[in-house]
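Worksheet: one structure, shown below.
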Amino acid sequence: MSKDKEATLRRVYVLPQELVDRIVQFQKEKGYPSEVEAVRKLLDEALLYRDSPDTIIKRFTSRLTTLKMPSEVSKDVLVGHPLVTKISFLSNAVQFKVSSGEEYRIYDTGKVQYYNSFAETWTDYDDFPF
């Protein structure tokens, strides 16, 4: 069985006709090959808006354990994310800013820092006062 098949689950949902019509319209406008693909895209986009910097960082560092290169992980996690407003690539890290103004830096080692604007310094994320 392929890896993609193992990572997916089949679900059946009952939706109002008006919502289905909107999904079909979205599918046609965007050129998705199926309603299922259109729904996947809509759900993924909606769920990204629920992310916090912490969930973005956890997703990034989790993928970094297999991909090993922050620039590659950035393509999957940061690029196109609706909350990420800026991405900078350093020699051994990726730095990004979110819509709320906070800035983070993730190193190729997995170390994470945030920019403390009050102290005007980079501080280890583990020291972040949650």
Side-chain angles (χ1 to χ4, degrees):
M1 182 177 275
S2 77
K3 194 173 188 177
D4 287 340
K5 282 285 189 190
E6 292 173 14
T8 61
L9 296 173
R10 181 175 173 80
R11 295 282 193 243
V12 176
Y13 296 99
V14 178
L15 303 172
Q17 183 63 51
E18 186 267 337
L19 185 56
V20 172
D21 293 343
R22 291 169 55 201
I23 291 168
V24 170
Q25 182 64 33
F26 175 79
Q27 174 200 355
K28 289 177 183 175
E29 287 173 6
K30 300 298 181 184
Y32 291 116
S34 68
E35 286 179 43
V36 172
E37 187 61 23
V39 169
R40 278 190 198 117
K41 296 295 184 183
L42 288 165
L43 284 173
D44 186 52
E45 182 76 12
L47 291 172
L48 287 175
Y49 278 98
R50 293 184 46 107
D51 280 351
S52 67
D54 192 50
T55 56
I56 294 170
I57 289 166
K58 285 178 183 173
R59 191 174 300 126
F60 193 105
T61 55
S62 174
R63 293 240 177 103
L64 189 60
T65 60
T66 54
L67 289 178
K68 305 293 186 201
M69 293 180 61
S71 59
E72 287 295 312
V73 177
S74 296
K75 291 179 198 176
D76 293 342
V77 178
L78 302 177
V79 173
H81 194 291
L83 302 181
V84 174
T85 60
K86 181 180 177 184
I87 304 170
S88 302
F89 297 95
L90 309 173
S91 62
N92 62 343
V94 171
Q95 185 173 312
F96 67 98
K97 187 175 188 175
V98 293
S99 56
S100 56
E102 294 105 2
E103 288 189 68
Y104 301 90
R105 193 179 277 171
I106 304 176
Y107 292 86
D108 53 9
T109 61
K111 177 181 178 176
V112 180
Q113 293 184 317
Y114 73 97
Y115 186 70
N116 183 333
S117 58
F118 297 110
E120 297 183 347
T121 61
W122 287 93
T123 305
D124 287 348
Y125 191 67
D126 295 337
D127 299 333
F128 192 78
F130 289 105

### Task
State, yes or no, whether a side-chain contact exists between Asp54 and Tyr125 at a heavy-atom distance under 4.5 Å.
yes
### Summary
Rounded to the nearest 0.5 Å, the CD1 atom of Ile56 sits from the OH atom of Tyr104 at a distance of 8.5 Å
### Query
Considering residues at least two apart in sequence or located in another chain, which fulfil the ring-ring contact (aromatic ring centres under 6.0 Å, His included) criterion with Phe26?
Tyr32
### Message
Just so I know, are the side chains of Pro70 and Phe60 near enough to count as touching, which here means a heavy-atom distance under 4.5 Å?
### Response
yes
### Task
Indicate, with yes or no, if Leu90 and Val112 share a hydrophobic cluster defined by side-chain heavy-atom contacts under 4.5 Å among Ile, Leu, Val, Met, Phe, Trp and Tyr.
no
#### Entry: Those residues that, when tested against Arg59, pass side chain to side chain donor-acceptor pair (under 3.5 Å) (two or more places apart)
Asp51
### Task
Return the set of residues passing side chain to side chain donor-acceptor pair (under 3.5 Å) with Lys75 (not counting sequence neighbours), or none when no residue passes.
Glu72
### Task
Check whether any side-chain heavy atom of Ser74 sits under 4.5 Å from a side-chain heavy atom of Phe89, and report yes or no.
yes
## Note on the structure
Interatomic distance, OH@Tyr107 vs CD@Gln95, rounded to 0.5 Å, equals 8.0 Å
## Note on the structure
salt bridge (Lys or Arg N to Asp or Glu O under 4.0 Å) filter on Glu37, not counting sequence neighbours, yields Arg40, Lys41
### Query
Under a single-linkage definition using a 4.5 Å side-chain heavy-atom cutoff for Ile, Leu, Val, Met, Phe, Trp and Tyr, are Ile23 and Val36 assigned to the same hydrophobic cluster?
no
## Note on the structure
Correct closest heavy-atom pair for Leu67 and Asp76 would be CD1-OD2, 3.6 Å
#### Entry: Which atom of Ala38 lies closest to which atom of Gln27, heavy atoms considered
CB-CB, 3.8 Å
### Query
Between CD of Glu103 and CG of Asn116, what distance do you get to the nearest 0.5 Å?
12.0 Å
#### Entry: Residue list, side chain to side chain donor-acceptor pair (under 3.5 Å) with Thr66, at least two apart or on another chain
none
### Query
What pairs with Glu18 under side-chain contact (heavy atoms from CB on, under 4.5 Å), at least two apart in sequence or on another chain?
Arg22
### Message
Same cluster or not: Val79 versus Phe96, using hydrophobic residues (I, L, V, M, F, W, Y) connected whenever any side-chain heavy atoms lie under 4.5 Å apart?
### Response
yes
### Query
Hey, quick one: are Leu47 and Val39 part of the same hydrophobic cluster, counting side-chain heavy atoms closer than 4.5 Å, chains of contacts allowed?
no
### Query
Within a strict 4.5 Å, meaning less than it, do heavy atoms of the Glu35 and Val20 side chains meet?
yes
### Task
Evaluate the side-chain proximity of Leu83 to Leu48: yes if any heavy-atom separation is below 4.5 Å, no if none is.
no
### Message
What I'd like to find out is whether the side chain of Tyr115 reaches to under 4.5 Å of the side chain of Arg105, using heavy atoms alone.
### Response
no
### Query
Side chain of Ser62, backbone of Lys58: donor and acceptor closer than 3.5 Å?
no
### Task
Determine whether the side chains of Gln17 and Asp21 contain a donor N or O and an acceptor N or O closer than 3.5 Å.
yes
### Message
Between Ile106 and Val73, is there a side-chain heavy-atom distance shorter than 4.5 Å?
### Response
no
### Task
Decide whether Val94 and Met69 are clustered together by the hydrophobic rule: side chain heavy atoms of Ile, Leu, Val, Met, Phe, Trp, Tyr closer than 4.5 Å, transitively.
no
